[in-house]
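In what follows, chains carry the letters A, B, and so on, assigned in the order in which the sequence lines appear, proteins first and then strands, with residues in each chain numbered from 1.
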Number of protein chains: 2
Amino acid sequence: MVDIAFGPSVVVQTAGDTKPGSKSEQAYTSIKARIVEGVFSPGYRLVLAKIAEDLGFSVVPVREAIRRLEAEGLVKFERNIGATVSGIDPTEYLYTMQTLSIVEGAATALSAPFIDSAAIARARAVNEEMRECLDHFDPVRFTTLNQDFHSVLFEQCPNPHILDLVHRGWNRLASLRSSTFRFVPGRARESVREHEGLLQLIENNAGAEAIEQAARRHRSATLDAYLAQASALTE
Amino acid sequence: MVDIAFGPSVVVQTAGDTKPGSKSEQAYTSIKARIVEGVFSPGYRLVLAKIAEDLGFSVVPVREAIRRLEAEGLVKFERNIGATVSGIDPTEYLYTMQTLSIVEGAATALSAPFIDSAAIARARAVNEEMRECLDHFDPVRFTTLNQDFHSVLFEQCPNPHILDLVHRGWNRLASLRSSTFRFVPGRARESVREHEGLLQLIENNAGAEAIEQAARRHRSATLDAYLAQASALTE
DNA sequence: ATGTACGAAATCGTATACGATAAGTATGGG
DNA sequence: CCCATACTTATCGTATACGATTTCGTACAT
């Protein structure tokens, strides 16, 4: 739809990708996908030689890929020690959620003036699907749809940098969730309601300030809900 | 004071640095410094072999360094073509300023509850120095002090991710300014006034919302002022 | 039994070498 | 005189090789 969704998780393209032919690039994409999909869980040790052999490459392009992933915060790379998939102590989770909250709010506010009625209709349709998910209890699908919802809103975002930050946050969280995600049904229901409210604000051409606040309130509530269970997250 | 200032410009540490011993790390630091200080202006062609020879290293660590810089947005690296210091068409400038505005506002709001009277005093002192700069017309020093001012406020920022984003924005802008910076004296005077207002808000324990708004308004005004001259920026 | 020291294995870091690709240049035809 | 094509050159991309560092296991002494 908006971004590429495959399997249980979602990999969002981040800016700065080189042409696909480069092995360094392939390694980057491949490793990132495996992290985001949860094949490589947090704490997983990424041994250069092993990954290189897996992919049939030499270590050099793999190193580059790892460095890029490090800059995105997906892995930690220590000299003479090696790379591990970034851990997620509750604190780190809070940081990420808080940052995402801010950045998503900004993206929503910036995009609002450019959202036409067609986009709103699409967003509303996605939100309806989310509502249905509530009955069938499908958390994975719910999360994917949630990102789809926001993606529709952000489609016309006039600032690609902000969008990039949002995507990085999503990827980060996807990596965390694949391993330790838990669903909060009550919160999810509320979320659907808030989405509808946000759409109405946009339809009524509310000020950017109001929209941003709404978006931030939404995120903030989500954050609180998840924070309660954050202690369950392992290092 | 807060961050390391040397020469006319300021290089802000960004998260993700490896131990200093690594050549890859040295290359990273060295190239970044030269970009931020303006030795490598936007558009400058970074030839791997040449840089490697300059530093006395081989190309491999240099490549890694470039990749990290690319992920931070400081350089553009195209397959089989090479790396160039990121350009700054007015649009890109707008994106960066807008993003920085949002992120700085958030950082200010988050930090506010943790700012004690001593920090406020220091911030105020810096702001006074800025006021003095207005008379002597020292734009470079003014910019440095401006970052110092915010650094004092952000010292206790509870979210390092946000802080990292702020620093990246500063580095980015520093790179741009070194080559094409122009000073807007009227705007600068206003800026000093707004800083004082912000400090008073914090002293009075104003809500995070109000503080964030003030910070954002400030940035927004700055943005507008610089945007007027943005067309003067070269690709 | 525990702590320490030494050695071996695993892994990372970097240099060098060579193949691949794109940009620049010259030459020949229109 | 201009354009297209072949060739040369500059630069990047990756593999391989080897040295450096860390970690882990084992043996020894207390």
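- As judged by a 4.0 angstrom heavy-atom cut-off over every strand, A:Val60 is placed among the base-contacting residues.
- Between B:Glu129 and B:Arg141 there is a salt bridge, since at least one side-chain N of the basic residue sits less than 4.0 Å from a carboxylate O of the acidic one.
- The side chain of B:Arg63 places an N or O atom within less than 4.0 Å of a non-bridging phosphate oxygen (OP1 or OP2) of D:dG13.
- When the nucleotides C:dT21, D:dT11, C:dT14 are ranked by their closest atom to the side chain of B:Pro61, C:dT14 comes out on top.
- We find that CD of A:Glu25 is positioned 18 Å from P of D:dC12, with the value rounded to whole Å.
- Among the nucleotides D:dT14, C:dT14, D:dT11, the one closest to any side-chain atom of B:Arg79 is D:dT14.
- Nucleic acid contact for B:Ile66: none, since no nucleic acid atom lies under 4.0 Å from a heavy atom of the residue.
- Between D:dA15, C:dA23, D:dT21, one nucleotide has an atom nearer to the side chain of A:Phe57 than all others, and that is D:dA15.
- Remark: A:Arg122 does not engage A:Asp148 in a salt bridge, criterion side-chain N to carboxylate O under 4.0 Å.
- In this structure a side-chain-to-backbone donor-acceptor pair under 3.5 Å is missing from B:Arg63 to A:Glu64.
- Using a 4.0 Å cut-off between a side-chain N of Lys or Arg and a carboxylate O of Asp or Glu, B:Arg67 and B:Glu70 qualify as a salt bridge.
- If you measure from atom CD of A:Glu64 to atom P of D:dT14, you get 7 Å, rounded to the nearest angstrom.
- Considering only side-chain N and O atoms, A:Ser58 lies nowhere under 4.0 angstrom from the phosphate OP1 or OP2 of D:dT14.
- Of all nucleotides listed (C:dG13, C:dT11, C:dT14), C:dT11 comes nearest to the side chain of A:Val47.
- Between the CD1 atom of A:Ile81 and the C1' atom of D:dA20 there is a distance of 14 Å, given to the nearest Å.
- Distance from the side chain of A:Asn80 is smallest for D:dT22 among the nucleotides C:dT14, D:dT14, D:dT22.
- Regarding A:Lys76, its NZ atom lies at a distance of 15 Å from the P atom of C:dC12, rounded to whole Å.
- In the set C:dT11, C:dT14, D:dC12, D:dC12 carries the atom at the smallest distance from any side-chain atom of B:Leu48.
- Rounded to an integer number of Å, the gap from CZ of B:Arg67 to P of D:dG13 is 7 Å.
- Put simply, B:Lys50 has no side-chain N or O that comes within less than 4.0 Å of OP1 or OP2 on D:dA10.
- Atom CG of B:Leu165 is separated from atom NE2 of B:His167 by 10.5 Å, given to the nearest 0.5 angstrom.
- Atom NZ in B:Lys23 sits roughly 15 Å away from atom C1' in C:dC12 (whole-Å rounding).
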